[in-house]
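One structure below.
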There are 2 protein chains.
Amino acid sequence: MPAEDGSRSRATLHEVAAQADVSVSTVSKVLNGRSGVSDETRARIEALLQDHRYQQRTAKRPAAPLIDVLCYEVDSPFGSEVVASIEQSARQRRIGMVLTGATEQSTPYEHWLDDVLRRQPVGVVLIACKLSADDRQRLRSRNIPLVMVDPAGTPAPDVPSIGSADWNGGYQATRHLIDLGHTRIGIITGPTDMMASTARLSGYRAALDSAGLSSEPELIRPGHFHHADGLEQGRALLQLPDRPTAIFASSDLYALGVYEAARSLGMTIPGDLSVVGYDDLRIAQWAGPPLTTVHVPLVAMAEQAVHLVMRLGDEPELAFSRIDIDTTLVVRASTAPIRAS
Amino acid sequence: MPAEDGSRSRATLHEVAAQADVSVSTVSKVLNGRSGVSDETRARIEALLQDHRYQQRTAKRPAAPLIDVLCYEVDSPFGSEVVASIEQSARQRRIGMVLTGATEQSTPYEHWLDDVLRRQPVGVVLIACKLSADDRQRLRSRNIPLVMVDPAGTPAPDVPSIGSADWNGGYQATRHLIDLGHTRIGIITGPTDMMASTARLSGYRAALDSAGLSSEPELIRPGHFHHADGLEQGRALLQLPDRPTAIFASSDLYALGVYEAARSLGMTIPGDLSVVGYDDLRIAQWAGPPLTTVHVPLVAMAEQAVHLVMRLGDEPELAFSRIDIDTTLVVRASTAPIRAS
DNA sequence: CTGAAAGCGCTTACAG
DNA sequence: CTGAAAGCGCTTACAG
């Protein structure tokens, strides 16, 4: 009974064959579920394989295809919806998705890339993350394609990226509030090193501009797409001497924070304050009141990302693509004409 | 320039060596980053490897260690928090987590297990899912340990599982409402084939019982842990002739649905209705008002799951463990004494 | 710095 | 049904 050698080195096919008193070929057949082995022999070999905790030491490529995904804040509503969408796209192609969470700096843990290289994935997808030039080079030298979704940091020119029409989204959100008669409109912006957030701010400014309104610095507040920022900056905005009557919270999480800020100050939404979010995550529908927000087509973005990363191997010229998918405004119950205020 | 043969079969080390006019050994060294190769030769070989999109066809074990996770509703707040916790535990051990979403029946897609076996993971973790006896046997015969977190379906006796103290949680939640003076307390229960949900219901009944209150069938409503169930059953409960003054929503998502139900009927929380949730997901804190709920220690459960699945290989006797981690009630702003009603 | 040779762990026709 | 033999794609001492 060689069952307890959990610590010793694993047996090889050869050793198992010797103990079973058969040839290596026969053991190989059993292992691979081939026919042409008597039931009795098969059973004996199966038992031995189990006892030894047999594991193959060399394997033929192609191994099971994998895709490596690095995601900023996987546990956030945004992260989890993107990841779920990517998983679905990968699953349809029978590709396994290896998921890793990023650090607070939107970068991977120290030796992440070593681990990725050992896995030999067919491709790598980054979500709201960045990667050092060094690491990008290592991927390139192994012919492992890289795609970024909503990249953080300064974008690398030769890495394809997928985003949404953020400028447009910011414009639509702000325009909607202007159309409702609001003239003092606050905004809570995202990290300055993400193109997605600066584009939203830019859209906000453009909308104000085209309506002949000025964008006032005191109405523009920074944050990191967290709920706590929404609460804090929301309270700050609402306590301004000449407070805004509407806030463009450039993420749904901000919007929930603003909801809480309004509640804590005894204001109702949309009666006293109109709020527009961004992303249209599931939580937007569940909020009280349901949130007017900019719909970001995460499912389509994920599908594009997987599609692109799969094709990049054969069509290197795609490396310079930059895909932006359209956003649409979804009007729900958190916005109302200003006279309601 | 053999760069465009994306369709042809990949080159072997041997072929690359021939073209580079060096021996196989030298190419092997370059590939593995060994020293003892001139810069010039190395560069020439690197270039060739790139051109050919060289990929290894056989690899030495141990390959990069993987853990396979199958999760019901990965995109739900519950699923994503569990998955993120498991990822963190796996990451600390430098193990890659392959994530797959389950179907609506809490089972994997048709050939999932084939894919898992090709990946040769060190272990498999199921979250709120079930697996056929056949598939379980196939895993066992390959010595791949299996652990279930909050299992669905009838539990298999020889598969270790991790859960939380659901009966206790149900009891605590109900007890809290009773202590506030409520006597008509509704409950929205989870799928009947999950032990976790029947245990919560059982705890609810026991709490009522110990307070001398009867549990009335019309106050017990079924659901599948979705927001929509909370809304629908919440409305049904609140429109009862003798409506409950408190609802134990046995998931946080239910609770948000109940919030919306109350809102749609013009009732306020906790003034007109007290609500207790279950899980203590992040959304519980973001709700308006912040939700009183039963805290489920997801991080600890995930850590236990990963820990267990790693040890099972060496200590098969652990296969019969059943671990339940303690729950605690977190009182926030959605519950109040009945006189407030 | 380079490569011939031995070796590893496996698979696969094919002869018996 | 079984296994000897050839082969595959790689790695690794070691001699030059």
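This structure is a prediction, so every number in the text was calculated from the model and none was measured. All chains are named by letter (A, B, ...) in the order of the sequence lines, taking the proteins before the strands, and each is independently numbered beginning at 1.
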B/S321 side chain vs B/I323 backbone, donor-acceptor pair below 3.5 Å: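 No, B/S321 side chain to B/I323 backbone: no donor-acceptor pair under 3.5 Å.
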Could you tell me whether a side-chain N or O of B/R93 sits under 3.5 Å from a main-chain N or O of B/S89, the two making a donor and an acceptor?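 Here the side-chain-to-backbone pair exists.
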Ranking D/dC10, C/dT12, D/dT2 by distance to the side chain of B/L13, first place goes to D/dC10
More than 12 heavy atoms of other residues, nucleotides or ligands under 6.0 Å from CD of B/E110: is that the case? no
Pairs meeting criterion salt bridge (Lys or Arg N to Asp or Glu O under 4.0 Å) with involvement of residues 25-41 of chain B, two or more places apart: B/E40-B/R44
Please list each protein N or O that sits under 3.5 Å from an N or O in nucleotides 3-7 of chain C, with the distance.
| unit_1 | atom_1 | unit_2 | atom_2 | d |
| --- | --- | --- | --- | --- |
| C/dG3 | OP2 | B/S23 | N | 3.1 |
| C/dG3 | OP2 | B/T26 | OG1 | 3.0 |
| C/dG3 | N7 | B/K29 | NZ | 3.4 |
| C/dG3 | O6 | B/K29 | NZ | 2.9 |
| C/dA4 | N6 | B/S25 | OG | 2.8 |

Considering only the P atoms, how many Å lie between C/dT2 and C/dA6, rounded to the nearest integer? 23 Å
Below 4.0 angstrom, N of the basic side chain to O of the carboxylate: do A/R42 and A/E46 qualify? no
OP1 or OP2 of D/dT12 less than 4.0 angstrom from a side-chain nitrogen or oxygen of B/R34, does that happen here? yes
Is the phosphate of D/dT11 approached by B/S28 (side-chain N or O, under 4.0 Å from OP1 or OP2)?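 So the side-chain polar atoms of B/S28 do come within 4.0 Å of the phosphate oxygens OP1 or OP2 of D/dT11, strictly under.
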Rounded interatomic separation in angstrom, taking [atom1] from [X] and [atom2] from [N]:
X: B/R42; N: C/dC1; atom1: CZ; atom2: C1'; result: 11 Å
X: B/E15; N: D/dG9; atom1: CD; atom2: P; result: 8 Å
X: A/E40; N: D/dC1; atom1: CD; atom2: C1'; result: 12 Å

Assigned partner base of D/dG16, Watson-Crick or wobble definition, under 3.5 Å: C/dC1
Let me have the donor-acceptor pairs involving side chains of residues 151-162 of chain A, under 3.5 Å, with sequence neighbours excluded, atom names and distances please.
| unit_1 | atom_1 | unit_2 | atom_2 | d |
| --- | --- | --- | --- | --- |
| A/D158 | OD2 | A/R140 | NH2 | 2.9 |
| A/S161 | OG | A/R322 | NH1 | 2.8 |

